[in-house]
Amino acid sequence: MKTKQSQKLIYLLPGTDGVMHGVKADDIDTLIKGQHGGDDSLIARYGDKWLVLAMPAGTIERYFGKNKGILN
């Protein structure tokens, strides 16, 4: 997702702890839908480290659409 428009896009995503997290679209590496009602997950670059964010079930469908399963 390395376009001029995506460089400006920031998703404000809920964590399972109730805190909202800002994640740049270009930094998102992997989206994993939770199985059998489990939490969804996101893996993103965070500087020179990685951010792993657990999100409530259904967050990926709500924010990224129903066709997003695992995004690499």
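Predicted, not measured: the structure shown is a model, and the values here were computed from it.
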- Task: Check the hydrophobic clustering (I, L, V, M, F, W, Y; side-chain heavy atoms under 4.5 Å; chains of links allowed) and say if Val19 and Ile10 are grouped together.
- Result: no

- Is there a path from Leu12 to Ile28 through hydrophobic residues (I, L, V, M, F, W, Y) whose side chains come within less than 4.5 Å of each other? yes

- Task: Just say parallel, tilted or perpendicular for the rings of Tyr11 and Tyr63, cut-offs at 30° and 60°.
- Result: perpendicular

Under a 4.5 Å cut-off applied to non-hydrogen side-chain atoms, are [X] and [Y] in contact?
{"X": "Lys24", "Y": "Arg45", "value": "no"}
{"X": "Asp27", "Y": "Tyr46", "value": "no"}
{"X": "Val23", "Y": "Leu51", "value": "yes"}
{"X": "Leu53", "Y": "Leu13", "value": "yes"}
{"X": "Thr59", "Y": "Pro14", "value": "yes"}

- Query: Would Met55 and Leu42 satisfy side chain to side chain contact (heavy atoms under 4.5 Å, CB included), going step by step from the backbone distance to the final call?
  - Reply: CA-CA 8 Å; Met55 303 176 292; Leu42 171 138; 3.8 Å; yes

- Atom of Ala57, atom of Gly38 and distance for their closest heavy-atom approach: CB-O, 3.3 Å

- Message: Has Asp29 got a side-chain atom pairing as donor or acceptor with Ala44's backbone, closer than 3.5 angstrom?
- Response: no

- Message: Treating Asp40 as the side-chain partner and Ile60 as the backbone partner, does any N or O pair qualify as donor plus acceptor under 3.5 Å?
- Response: yes

